[in-house]
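A short write-up of the structure that comes next.
Each chain gets a letter, A, B and so on, in the order the sequences are listed, and its residues count up from 1.
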Amino acid sequence: MTALRPFYVTTPIYYISGTPHIGHAYTTIAADVLVRTARAHGPARSLTGTDEHGQKVANAAAAAGMTPQAYVDSLAPQWKELAPAFDARFDDFIRTTEPRHVHTCLALFEKMRDAGDVYEGVYEGWYCTHDETFWPEAKLIDGRCPNPECRRPVQWLSEKNWFFRLSKYNQPLLDLFRGNPEFLRPQSRWNEMMAILEEGLEDFSISRSSFDWGIPLPGGGVLYVWYDALINYVSALGWPEDPDGLFATFWPGMHIVGKEIARFHTIIWPAMLMSAGLPIPTRVFAHGWITSDSGTKIGKSLGNAMDPFAMKERFGADTLRYFLMREAPFGSDFSMSVEKLRQRHNSDLGNDLGNLLRRSLAMLQKYRNGIVPQPSEGAVQELTADLPARVHEHVMALRFREALDEMWNLVTALNRAIDEQKPWELYKHGRAVELDALLYDLVEGMRWLSLLLFPYMPSKATEIWTQLGLAGTPELQWADELVWGRLAAGTQTAPGAPLFPRIDPPAE
RNA sequence: GGCUCGGUAGCUCAGCGGUAGAGCGGGGGACUCAUAAGCCCUAGGUCGUAGGUUCAAAUCCUACCCGAGUCACCA
C-alpha cells in the first residue's frame with residue numbers, strides 16, 4: 001500500500017437558525033466514519049461547525065428581540081451537541097462568528113482582490129421589501145413577488161457591491177471537471193455541474209450593503225454569507241499564517257455535503273481558491289437525502305420518527321449509525337422508518353453479529369473455561385487476508401455500504417463455520433485440535449470485526465473488544481493490529497450481556 | 001419546457017452484449033453452542049412500453065410512458 005498523506009474531511013457548516021434533523025446527523029456520521037477509518041491508517045483531521053451570518057439570522061434575532069450575536073450564541077450549543085450525541089468526534093468545531101474566521105475571510109478577500117478578481121460593481125434587480133429577497137425577472141408573477149404567501153409588488157433596487165470575477169474561472173473549472181471526474185461524486189452531480197459550467201458562469205456579488213449582519217468589509221458592506229461560509233474549511237486550519245502548521249499538513253481535504261449545495265462547493269469554492277492561488281479540495285462528495293417512509297404510520301408514542309435524537313434514544317447511536325451507512329449506497333436518496341431501523345437492528349446486528357459473539361464466547365467458556373487457545377491456521381485466516389484492504393478502499397471511495405457488506409461476509413462465514421463443524425460434537429468426541437482451531441478462528445475473527453467496525457459503531461465495537469478480554473479500545477492502526485494470530489493464546493475472555501438486545505415491534 | 005439520472009423477484013438494489021442475481025421478507029428442512037438466533041433448501045420476475053441494430057439485448061439505438069433531480073446572487 002502506498003503511503004497515505006494526512007487526511008482531512010469536513011461536513012458543511014450548518015446554518016444555525018435551523019433545527020438539527022436526520023440529514024445533519026447523516027452527514028456528520030458519514031464524515032466521522034470516514035475520518036475514523038482514515039485515522040486507522042495515519043494522521044487524520046475532521047471539521048464541523050455552524051454558519052451564523054446572513055439576513056435570515058438577523059431577521060430571526062430581531063424577531064426574538066435579541067442582538068444577532070446573542071441570538072447565535074443561544075443557538076450554538078444545540079449544534080455542538082449534534083456530533084457527540086451520535087458518537088461522532090470532530091477535531092474542531094468552527095463558528096463563522098469567531099475572530100479566526102473573520103480574519104481568514106478578509107485575508108482571502110484581499111488575496112483575490114490582489115489577483116484582480118474582485119471589483120466594484122452594481123448589484124441590482126427586483127427586490128421584495130417584505131421578503132427582503134432579490135428575484136430574477138423570470139420568476140416574477142405579474143410583476144409581483146413570486147412567494148405565494150407574499151405577492152406584493154417588487155421594486156427595482158440597486159446597490160454598490162463587490163463582485164467576484166467568476167466568469168474568468170469558467171474554463172479552468174471545465175478543465176478541472178473533465179480532467180478529474182473524481183473531483184465531484186456521484187456521477188449524477190458531476191453531470192449537473194457540468195451542465196451549469198457549459199451554460200457559462202457569470203460574475204456574482206460577494207458583498208451586501210443592505211444589512212450589516214456579516215463580516216464587515218473595509219469601506220462598508222458585509223461579505224455575502226455563502227462567500228464567508230465556504231472559507232471556514234481553511235480558516236479552521238489557520239490560513240494564512242498557519243501558526244500550528246495545520247494548513248500545510250492537512251489542506252487540501254475532502255468535503256462531504258448534501259447534494260443541494262454541490263454547486264457552491266464545486267464551482268464557487270474552487271474558483272475562489274484558484275483565484276487566491278490555493279489548492280482546491282481533493283474531492284467533494286454530495287450525498288443523497290433521507291426521505292420518510294410514506295407507507296409507515298408513525299405512532300404518536302414514538303414521537304417524530306425523523307427526529308434523530310428520538311431515534312437515537314430508541315435504538316442507540318451505534319444502530320442508527322450502522323443503519324445510515326448500510327441501508328443505501330452513499331449518494332442515493334433513501335427512506336427510513338422505525339420499522340426498517342428495527343429490522344436492521346434485530347437481523348444484521350442482533351442475529352448475525354451480536355449472536356455470533358455470544359455463541360462463540362459461550363462455547364469458549366463451556367469447553368475451554370473462556371481461555372483463548374493456540375492460534376489456528378486455515379480457511380478463516382485465508383478469508384481475512386485482503387479484507388482490510390478491500391474495506392479501506394471502499395471507505396475511501398465513500399462506498400460505506402460495500403465496506404460493511406465485506407465485513408458481513410466474515411460474519412456469515414464464522415456463523416457458517418460453527419454450523420458446519422459442530423463444536424459441540426467435536427467436544428463430545430474429544431477432538432481437541434479441531435475444536436481449538438475453530439474456537440480460535442471465532443474469537444480472532446471477532447477481534448478483526450471489532451477493529452473494522454469501530455469507525456461505524458465505536459461503542460459496540462469496543463464492547464466486543466472488551467468481551468474478548470482485550471484492554472483499551474479497538475481504535476488502533478490496522479497495519480499493526482489486523483495481523484492474523486495477534487490474539488494471544490491464554491487470553492481470558494469476558495462474556496457479557498447481549499450486544500444488541502432484540503427490539504420488539506410496538507404493541508398494536 | 002431544456003438537460004441529467006432512474007424504472008430488474010413482495011421490499012431495497014446489483015448486473016450493463018452471450019442461457020435472469022444478492023440481501024431482507026415469505027415457505028420448507030436438519031440441528032442445538034447462542035438474543036426461538038444461526039445453518040441448509042426454496043422464490044419461477046413478459047428486466048417500464050413499442051419499435052430497431054445484432055448470430056445474440058436488462059445490457060446498444062430511437063420514440064413514448066412513469067418517477068426523481070437540475071436549470072436561482074434563498075440558505
Side-chain angles (χ1 to χ4, degrees), chain A residues 12-18 51 53-57 123-125 131-139 146-147 161 163-164 166 186-196 198-199 202-208 224-227 229 258-264 268 286 288-289 291 293 295 326-329 331-335 339-340 343-367 401-402 404-405 408 411-412 414-427 435 438-439 442 495 497-504:
Chain A
I13 46 175
Y14 301 123
Y15 202 62
I16 198 161
S17 70
D51 181 10
H53 292 303
Q55 189 154 23
K56 271 192 186 172
V57 169
Y123 175 28
E124 55 188 3
D131 288 357
E132 302 185 71
T133 305
F134 280 90
W135 296 101
E137 177 121 24
K139 286 273 178 183
N147 177 354
N161 279 321
F163 278 71
F164 171 38
L166 183 63
Q187 185 68 40
S188 49
R189 300 302 136 201
W190 187 93
N191 293 344
E192 282 172 14
M193 293 308 123
M194 272 304 278
I196 290 171
E198 281 167 351
E199 273 178 32
E202 289 177 12
D203 296 352
F204 76 103
S205 152
I206 55 171
S207 69
R208 293 290 183 272
Y224 168 50
V225 64
W226 257 111
Y227 179 89
K259 61 184 184 181
E260 72 283 4
I261 54 177
R263 177 198 188 93
F264 290 96
I268 295 175
W289 288 346
T291 59
D293 191 346
R326 183 74 188 265
E327 182 68 6
S332 302
D333 291 357
F334 64 101
S335 69
E339 182 53 23
K340 284 182 172 176
Q343 285 198 359
R344 285 276 178 199
H345 177 92
N346 286 342
S347 175
D348 296 6
L349 297 176
N351 298 349
D352 294 346
L353 179 66
N355 188 49
L356 171 62
L357 176 71
R358 194 160 170 80
R359 65 198 300 216
S360 300
L361 291 182
M363 287 188 285
L364 186 63
Q365 190 66 43
K366 194 164 178 176
Y367 305 140
R401 184 170 71 160
E402 289 78 356
L404 286 165
D405 284 342
W408 249 253
V411 171
T412 298
L414 294 176
N415 271 320
R416 186 180 296 137
I418 295 174
D419 285 279
E420 284 176 350
Q421 298 184 47
K422 302 182 176 40
W424 47 94
E425 286 187 5
L426 295 177
Y427 179 71
L435 180 58
L438 175 61
L439 292 173
L442 295 175
L499 229 44
F500 300 95
R502 189 170 191 81
I503 295 177
D504 291 318

Review point. Is any side-chain heavy atom of A/E327 less than 4.5 Å from a side-chain heavy atom of A/R401?
Key: no
Revision key, fill the gap. Rounded to whole Å, CG of A/L357 lies from P of B/A37 at a distance of 18 Å
**Study point:** Between B/A14 and B/G6 - C1' atom distance, rounded Å
**Key:** 14 Å
Check your understanding: Quick one: are A/L364 and A/P495 in side-chain contact, heavy atoms under 4.5 Å?
Key -> no
**Study point:** Rounded distance in Å between the P positions of B/G23 and B/A43
**Key:** 13 Å
Review point. Between atom NZ in A/K259 and atom P in B/C5, what is the gap in whole Å?
Key: 15 Å
Check your understanding: Any idea if B/A58 is syn or anti, going by the 90°-from-0 cut?
Key -> syn
Review point. If only side-chain N and O atoms of A/R359 are considered, is one of them under 4.0 Å from the OP1 or OP2 phosphate oxygen of B/G38?
Key: no
Review point. Roughly how far apart, to the nearest Å, are B/C61 and B/U53 at atom C1'?
Key: 7 Å
Under 3.5 Å, which N/O atoms of the protein pair with N/O atoms of nucleotides 20-27 of chain B?
none

Review point. What integer number of Å spans the C1' atoms of B/G44 and B/G21?
Key: 14 Å
Check your understanding: Taking any strand in view, what nucleotide pairs with B/A43 in a Watson-Crick or G-U wobble way, both distances under 3.5 Å?
Key -> none
Review point. In Watson-Crick or G-U wobble terms, both distances under 3.5 Å, what is the partner of B/U32?
Key: none
Check your understanding: Any side-chain heavy-atom pair from A/L357 and A/L499 closer than 4.5 angstrom?
Key -> yes
Review point. How close or far is atom P of B/U32 from atom CG of A/N355, stated in whole angstroms?
Key: 16 Å
Check your understanding: Does B/U49 pair with anything, Watson-Crick or G-U wobble, both distances under 3.5 Å, and if so, with which nucleotide?
Key -> B/A63
Practice item. Establish, with yes or no, whether the OP1 or OP2 oxygen of B/C73 is under 4.0 angstrom from a side-chain nitrogen or oxygen of A/Y227. Key: no
Check your understanding: Touch check for A/G54, heavy atoms < 4.0 angstrom, all strands: base, sugar-phosphate only, or nothing?
Key -> nothing
Practice item. With the side chain counted from C-beta on, respond yes when A/Q421 and A/L435 share a heavy-atom pair under 4.5 Å apart, and no when they do not. Key: no
**Study point:** Nearest-nucleotide 5' precedence on RNA chain B, A/M193 against A/P501
**Key:** A/P501
Point to revise | A/L353 vs A/D348 side-chain heavy atoms within contact, under 4.5 Å | key: no
Review point. Just how far, in rounded Å, is P of B/A72 from CD of A/E202?
Key: 9 Å
Exercise for review: Calculate the interatomic distance between A/I196 atom CD1 and B/G69 atom P; express it in whole Å.
Suggested key: 15 Å
Practice item. Check if the side chain of A/R208 and the base of B/C73 share a donor-acceptor pair of N or O atoms closer than 3.5 Å. Key: yes
Check your understanding: What does B/U4 pair with, Watson-Crick or G-U, if both distances are under 3.5 Å?
Key -> B/A68
Point to revise | A/I418 CD1 to B/C40 P, straight-line distance once rounded to whole Å | key: 12 Å
Practice item. Tell which nucleotide pairs with B/G23, taking only Watson-Crick or G-U wobble pairs whose two distances are both under 3.5 angstrom. Key: B/C11
Exercise for review: Round to the nearest Å and state the distance from A/W190 atom CH2 to B/C71 atom P.
Suggested key: 17 Å
Practice item. Decide yes or no for A/R359 and A/N415: does some side-chain heavy atom of the first lie under 4.5 Å from some side-chain heavy atom of the second? Key: yes
**Study point:** A/F264 or A/R416, whichever maps to the more 5' nucleotide of RNA chain B
**Key:** A/R416
Study note, to complete from the structure: Between A/F264 and the options A/W226, A/Y227, A/Y224, A/F204, the ring-ring contact (aromatic ring centres under 6.0 Å, His included) test singles out A/W226
Review point. A/D51 near the nucleic acid: base, sugar-phosphate alone, or nothing, with a heavy-atom cut-off under 4.0 Å?
Key: sugar-phosphate
Study note, to complete from the structure: Scanning all shown strands, the Watson-Crick or wobble mate of B/U54 with both distances under 3.5 Å is none
Practice item. Mind calculating the distance between CG (A/L414) and P (B/C39) to the nearest angstrom? Key: 11 Å
